[in-house]
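Notes to accompany the following structure.
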Amino acid sequence: MADTEIHKGLAGVVVDYTAVSKVNPETNSLLYRGYPVQELAAQCDFEEVAYLLWYGELPTDAQLDEFTKLERSQRTLDPTVKKVIDELPLSAHPMDVVRTAVSVIGAQDETLGLDPTWIDRDLTQQRSITLFAKLPAIVAYTQRRLWGKELVEPRDDLGYSANFLHMTFGEVPEQVVVDAFDVSMILYAEHSFNASTFTARVIASTLSDVYSAVIGGIGALKGPLHGGANEAVQHTFEAIGTPDKAEAWLEDALANKKKVMGFGHRVYKNGDSRVPTMLTALETLTAYYERPEVLEMYHALDDAMNARKPIKPNLDYPSGPAYNLIGFDTTMFTPLFIAARITGWTAHVMEQLAANSLIRPLSEYNGPEQREVPASEKN
Ligand code: ACO
């Protein structure tokens with residue numbers, strides 16, 4: 001075999017520049033367009049962060065007004081999308097339902113057609129805002145359908161997160177809940193060249209359209225090594241049962257070489273920069289819902305892990321139980337991640353298109369040497 005260096009999983013490989021966000025594992029920090037994410041979470045709404053990720057600057061009041069009007073005007077669930085969702089079996093994973101809904105929106109976009117307008121900057125931006133505006137309706141309806149409930153129409157007098165929760169639960173919860181949910185959306189919005197964003201960029205690099213890139217991103221996000229981990233954390237908490245059993249559960253999991261979901265990260269090795277902010281949101285929720293045992297479980301498993309391996313929680317560890325407390329079904333947690341990450345994915349698609357080079361790495365062949373097809377096969 002040739003002495004080519006193989007970068008399995010592309011670990012440590014820098015493939016391009018990005019100005020969208022900076023993940024710095026040395027300082028455990030994450031900047032969106034230069035702003036620390038925890039400051040954005042404390043001072044901005046998710047709509048402002050979406051604007052920042054797309055346009056590179058926080059909006060002025062007038063820009064935000066125009067942007068929110070545009071977003072609010074597109075919140076309704078399209079009847080065809082609803083019809084397609086209604087045809088899907090209730091057993092379908094919500095990630096697959098949302099992926100299908102995005103596909104329907106793309107196929108209905110008359111500006112897409114057969115003409116290669118796929119990479120037009122303005123159209124890609126408009127399509128991104130459309131998906132951003134419509135995903136809460138899709139995710140909320142997917143959840144309500146599982147509960148056997150009717151669609152709730154959007155309200156254009158509410159901000160993004162309040163409306164999202166209104167469409168899901170049929171009422172707007174207390175502001176502390178809306179704020180915690182909004183923080184989770186901001187923290188999930190963007191994270192440089194993670195697996196789903198890279199997938200979206202690979203698709204964009206072929207000059208395909210933004211819907212296709214998003215659908216690919218959803219596929220990559222579904223896996224438990226990436227976004228699916230927030231669901232898995234909830235399953236873990238339920239499997240453990242009570243905090244006093246966390247240590248024994250972990251011992252057994254590690255002895256059986258199991259990955260503990262919600263722990264570890266490809267880039268951060270000393271903790272995920274987003275965890276402290278999401279943990280604070282989780283603390284607020286456990287106090288509000290009077291569910292201290294959730295926090296006890298969180299710390300029991302974290303402490304048990306800490307005592308055995310230097311592997312720290314990632315964002316999915318506090319966000320999974322937070323979404324459970326708010327009232328979402330476990331299978332809805334990763335679709336919530338889609339609603340947030342749509343901003344980062346599409347910002348990266350536009351960045352990719354602005355300075356495109358087809359993403360096509362090499363591989364080192366390690367199959368059989370060249371050989372002849374047996375004579376019998378040729379007849
Ligand atoms: N539980 C137990 N052991 C772990 C974990 C974990 N969660 N994560 C890493 N390790 C161990 C591995 O077993 C391995 O040990 P070894 O060297 O003795 O074999 C070592 O740490 C290195 O792990 P890798 O999987 O090689 O590290 P990599 O950088 O490829 O993995 C990943 C990162 C995939 C996130 C991994 O930590 C993992 O599987 N975590 C659980 C899934 C998860 O929570 N994903 C969410 C990611 S963040 C997000 O999407 C918001």
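Numbering of ligands and ligand atoms starts at 1, following listing order.
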Protein contact for [atom] (heavy atom, distance under 4.0 Å):
| atom | answer |
| --- | --- |
| atom 39 (O) of ligand 1 | yes |
| atom 31 (O) of ligand 1 | no |
| atom 26 (O) of ligand 1 | no |
| atom 20 (C) of ligand 1 | no |
| atom 43 (C) of ligand 1 | yes |
| atom 16 (P) of ligand 1 | no |
| atom 23 (O) of ligand 1 | no |

Parallel, tilted or perpendicular, as decided by the 30° and 60° cut-offs, for the rings of Phe263 and Tyr317: tilted
* To do: Look at the aromatic rings of Tyr160 and Phe132 and report parallel, tilted or perpendicular, splitting at 30° and 60°.
  => parallel
So does Lys82 pair up with Asp78, basic N to acidic O under 4.0 Å?
-> no
**Asked** Could Glu247 and Lys245 be called an ion pair, given the rule that one side-chain N must be under 4.0 Å from one carboxylate O?
**Response** no
Any idea which protein heavy atom is nearest [atom], and the distance to it?
| atom | answer |
| --- | --- |
| atom 18 (O) of ligand 1 | Lys309 NZ, 4.3 Å |
| atom 50 (O) of ligand 1 | His226 ND1, 3.0 Å |
| atom 1 (N) of ligand 1 | Val260 N, 2.8 Å |
| atom 10 (N) of ligand 1 | Ile311 CD1, 3.3 Å |
| atom 28 (P) of ligand 1 | Arg266 NE, 3.6 Å |
| atom 45 (N) of ligand 1 | Leu225 O, 3.0 Å |
| atom 5 (C) of ligand 1 | Lys259 CD, 3.5 Å |
| atom 41 (C) of ligand 1 | Phe263 O, 3.3 Å |

Taking all non-hydrogen atoms of both residues, which atom of [X] and which atom of [Y] are closest, and how far apart?
| X | Y | answer |
| --- | --- | --- |
| Asn356 | Leu358 | ND2-N, 4.2 Å |
| Leu158 | Arg72 | O-CZ, 3.2 Å |
| Thr117 | Leu123 | CB-CD1, 3.8 Å |

Atom 37 (O) of ligand 1: of Gly264, Gly227, Ala195, the nearest heavy atom sits on Gly264
* To do: Assess whether salt bridge (charged side-chain N to carboxylate O under 4.0 Å, His left out) is satisfied between Arg75 and Glu153, documenting all intermediate values.
  => CA-CA 9 Å; Arg75 285 177 173 175; Glu153 292 299 332; over 6 Å; no
Enumerate the atoms of ligand 1 whose separation from the nearest heavy atom of [X] is less than 4.0 angstrom.
| X | answer |
| --- | --- |
| Pro224 | 42 (C), 43 (C), 45 (N) |
| Met305 | 1 (N) |
| Ala229 | 43 (C), 44 (O), 45 (N), 46 (C) |
| Gly262 | 43 (C), 44 (O) |
| Lys269 | 29 (O) |
| Asp316 | 46 (C), 49 (C), 50 (O), 51 (C) |
| His265 | 33 (C), 35 (C), 37 (O), 48 (S) |

Check: residues 144-151 side-chain donor-acceptor pairs under 3.5 Å, at least two apart:
| residue | atom | partner | partner atom | Å |
| --- | --- | --- | --- | --- |
| Arg144 | NE | Glu150 | O | 2.5 |
| Arg144 | NH1 | Thr168 | O | 2.9 |
| Arg144 | NH2 | Glu150 | O | 3.3 |
| Arg145 | NH2 | Ile85 | O | 3.2 |
| Arg145 | NH2 | Leu88 | O | 2.2 |
| Trp147 | NE1 | Asp329 | OD1 | 3.1 |
| Trp147 | NE1 | Asp329 | OD2 | 3.4 |

Joining Ile, Leu, Val, Met, Phe, Trp and Tyr whenever any side-chain heavy atoms lie under 4.5 Å apart, the cluster holding Val13 also takes in Leu10, Val15, Phe193, Phe198, Val202, Ile359
Hey, mind stepping through Asp156 and Ser73 against side-chain hydrogen bond (donor to acceptor under 3.5 Å, both in side chains) and telling me if it holds? CA-CA 7 Å; Asp156 61 9; Ser73 70; over 6 Å; no
Are any of the N/O atoms in [X] less than 3.5 Å from those in ligand 1?
| X | result |
| --- | --- |
| Arg274 | no |
| Leu315 | no |
| Leu254 | no |

Verify the ring-centre separation between His235 and Phe333: is it less than 6.0 angstrom?
-> no
| request: Report yes or no: does Arg341 have a heavy atom closer than 4.0 Å to ligand 1? | output: no
Which of Phe328, Phe164, Phe181 passes ring-ring contact (aromatic ring centres under 6.0 Å, His included) with Phe169? It is Phe328
